[in-house]
Amino acid sequence: MAIRTLLLVLCIIFLLISPSLSGRTQLERQRKAIEISIGVGVGGSGSESPTASPYPTDDSCGCSPPASPPSSEPQPSDFPNLKQYYAYLVIQRFKRSITCDPNGVIQTWVGYRPCTYQGFYCAAPPDSPDTPTIASVDFNGLRLCAPTVVGFVDQLPDLALFHANSNNFSGPIPDLTGLPYLYELDVSNNIHSGPFPADVLALSNLIFLDLRYNLFAGSVPASVFALDLDVLFLNNNNFFQPLPADLGSSPVAYLTLANNGFTGPIPRSICNASKTLVEVLFLNNKLSGCLPDEIGLLSIATVFDAGFNQLTGPIPWSFGCLLKVEQLNLAGNLLYGEVPDVVCRLAKDGNLANLSLSGNYFTSLGLSCWDLVKSGVLDVRRNCIVGLPEQRPPSECSKFLWRPKHCPVSHYIPCSLSNCSVRPAASKSKSTSSEYMTYKALHQPPPN
């Protein structure tokens with residue numbers, strides 16, 4: 001009975017204290033939860049931070065998931081207009097292909113304003129006058145290296161000028177027919193290769209084409225000379241073919257074909273360029289045949305250079321009509337006979353500053369030519385002229401002069417020299433080749 005009474009008392013005491021214990025425990029849990037929510041114990045006092053689960057949590061509560069971090073990729077809205085956004089993508093892709101950059105140029109190709117990148121210039125295209133974008137690329141002299149410009153130049157649809165002289169770009173020229181505004185293309189002094197880039201023939205606005213100092217080879221389409229160009233520089237490649245018969249149909253003012261392998265005669269059609277051709281270099285090819293009279297009709301030409309070929313025959317008297325010619329070079333050919341007096345008179349009646357006839361087989365000089373030899377205007381070294389120093393050995397002259405000759409002596413003069421004379425300026429000084437656009441095209445910049 002006593003034991004039973006004791007057990008009953010203990011049960012009553014337990015029932016009285018249990019609510020306070022449960023309440024204390026619940027209070028401690030609530031306090032712990034509050035401390036975690038405000039950061040107490042997180043990262044300090046040796047307490048552990050709560051770890052987020054790498055897996056999706058149950059969203060049965062209807063809560064939205066945390067917002068994803070903003071993208072690091074540029075968006076079109078970051079740029080002044082959509083055209084510049086697309087240009088940015090093209091430039092960055094090309095940037096990744098650059099293999100050398102000695103001047104640190106591509107370090108400037110960052111940010112959302114591609115118009116400020118070194119080498120890039122913006123303007124508004126005709127079809128979008130309020131949308132400036134990349135209109136000009138000028139890489140001249142930057143010495144950049146890239147295995148190709150395909151996927152770069154051809155992907156800038158509003159490009160008007162591409163100048164890339166003196167870099168190390170290789171491979172073929174891309175198809176540029178998708179660039180309707182392109183009017184100047186200069187890829188000179190690179191290591192481009194392959195055949196002539198025929199796609200340029202479709203560029204209706206092109207007026208300046210410079211392919212010099214590359215590794216292009218083969219033939220040049222005759223239709224190139226029908227393009228409405230002002231400047232055509234093809235020198236220092238590996239082009240080989242006869243000059244097209246309709247060469248003179250070209251409206252080009254500055255033509256440089258030097259240092260290639262062009263063959264055949266100078267076409268008589270060159271007279272059709274009498275009012276357009278200003279400077280022409282046929283220098284150092286394999287041209288042959290007689291000098292045509294029609295060259296004398298180039299009434300505005302200031303430079304005519306056909307040196308170091310295999311041209312033969314006497315100089316036609318029609319050359320006396322080249323009243324504006326300042327540089328006349330026929331050195332290193334197979335020319336013979338007398339140097340016409342009417343040609344030498346160009347130094348007095350015209351603008352002739354240099355007449356190079358060395359390395360031929362001339363046997364005599366016109367009366368006016370002797371003074372030009374003394375003044376240094378006329379160079380006739382290594383010819384067969386008796387009484388002058390530095391001539392060929394007599395045996396060499398005799399051997400050549402005994403060969404059959406097929407070119408006639410032409411005394412045709414297609415102008416009235418008394419009426420057409422162009423008086424030189426009073427203080428005319430001796431000109432140098434570096435003053436002429438075509439001769440400048442022969443100068444390859446030294447490597448860095």
Side-chain angles (χ1 to χ4, degrees), residues 67-192 197 199-200 202-211 448:
S68 59
S71 172
S72 60
E73 292 296 323
Q75 302 301 309
S77 59
D78 296 326
F79 295 82
N81 56 62
L82 195 58
K83 286 179 177 289
Q84 290 192 35
Y85 168 68
Y86 289 133
Y88 167 87
L89 297 178
V90 171
I91 294 169
Q92 296 306 313
R93 183 170 62 244
F94 180 63
K95 179 179 178 179
R96 292 191 291 270
S97 75
I98 299 292
T99 58
C100 72
D101 176 20
N103 300 310
V105 173
I106 64 175
Q107 296 176 13
T108 71
W109 299 358
V110 294
Y112 303 154
R113 297 296 183 267
C115 297
T116 65
Y117 297 175
Q118 183 175 349
F120 294 90
Y121 302 89
C122 284
D127 63 348
S128 303
D130 299 322
T131 313
T133 187
I134 301 297
S136 173
V137 174
D138 185 358
F139 288 168
N140 282 354
L142 296 186
R143 304 291 178 183
L144 299 173
C145 305
T148 183
V149 293
V150 175
F152 170 55
V153 184
D154 50 316
Q155 297 301 309
L156 298 172
D158 299 299
L159 199 64
L161 296 89
F162 182 68
H163 290 182
N165 173 280
S166 300
N167 286 276
N168 288 288
F169 298 147
S170 57
I173 302 300
D175 181 356
L176 303 177
T177 54
L179 309 184
Y181 308 120
L182 190 67
Y183 69 91
E184 288 193 10
L185 177 62
D186 179 358
V187 294
S188 59
N189 198 23
N190 282 277
I191 46 178
H192 291 296
D199 288 327
V200 303
L203 299 175
S204 58
N205 290 319
L206 199 65
I207 62 172
F208 183 102
L209 179 59
D210 188 349
L211 304 181
N448 280 354

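Both backbone and side-chain heavy atoms feed into the values below; hydrogens, waters and symmetry mates do not. Please read all numbers here as calculations on a predicted model, not as lab measurements.
A donor-acceptor contact shorter than 3.5 Å is absent between the side chain of Asn103 and the backbone of Val105. Distance alone, capped at 3.5 Å, places no donor-acceptor pair between the Asn190 side chain and the His192 backbone.
When all heavy atoms of Pro147 and Ser97 are compared, the pair lying nearest together is CD-O, 3.5 Å. Counting all heavy atoms, side chain and backbone alike, Val149 lies closest to Pro174 at CG2-CD, 3.7 Å.
Within the 4.5 Å cutoff, the side chain of Leu176 has no heavy atoms near those of the Asp199 side chain. In this structure, Asp101 and Lys95 have side chains that are not in contact, with every pair of non-hydrogen atoms separated by 4.5 Å or more. By the 4.5 Å heavy-atom criterion applied to side chains, Val187 and Leu211 are counted as neighbours.
Residue pairs meeting the side chain to side chain donor-acceptor pair (under 3.5 Å) criterion with at least one partner in residues 114-132, sequence neighbours excluded, are Asp127-Tyr181.
Remark: Tyr112 engages no residue in a side chain to side chain donor-acceptor pair (under 3.5 Å) (not counting sequence neighbours). Applying the side chain to side chain donor-acceptor pair (under 3.5 Å) test to Asn167 and every residue at least two apart in sequence or in another chain returns nothing. Remark: Asp210 engages Arg212 in a salt bridge (charged side-chain N to carboxylate O under 4.0 Å, His left out) (not counting sequence neighbours). For Glu184, the side chain to side chain donor-acceptor pair (under 3.5 Å) partners at least two apart in sequence or on another chain are His163.
When Val153, Leu161, Leu206, Leu179 are each tested for a side-chain contact (heavy atoms from CB on, under 4.5 Å) with Leu185, only one passes: Leu206.
Residue-environment remark: CD (Gln92) exceeds the threshold of 12 foreign heavy atoms within 6.0 Å.
Aromatic ring orientation, Phe139 versus Phe120: perpendicular (interplanar angle above 60°, classes split at 30° and 60°).
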Compile the donor-acceptor pairs under 3.5 Å between side chains in residues 77-90 and protein atoms, sequence neighbours left out, one pair per line.
{"from": "Asp78", "atom 1": "OD2", "to": "Gln75", "atom 2": "N", "distance (Å)": "2.8"}
{"from": "Asn81", "atom 1": "OD1", "to": "Lys83", "atom 2": "N", "distance (Å)": "3.1"}
{"from": "Asn81", "atom 1": "OD1", "to": "Gln84", "atom 2": "N", "distance (Å)": "2.8"}
{"from": "Asn81", "atom 1": "ND2", "to": "Pro132", "atom 2": "O", "distance (Å)": "2.9"}
{"from": "Lys83", "atom 1": "NZ", "to": "Asp158", "atom 2": "OD2", "distance (Å)": "3.2"}
{"from": "Gln84", "atom 1": "NE2", "to": "Pro132", "atom 2": "O", "distance (Å)": "3.0"}

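Here OH of Tyr183 is found 10.0 Å from CG of Asn205. Values are rounded to the nearest 0.5 Å.
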request  = For Asn189 and Asn165, run side chain to side chain contact (heavy atoms under 4.5 Å, CB included): C-alpha distance rounded to whole Å, both residues' side-chain angles, the deciding distance at 0.1 Å, then the answer.
outcome  = CA-CA 6 Å; Asn189 198 23; Asn165 173 280; 4.1 Å; yes
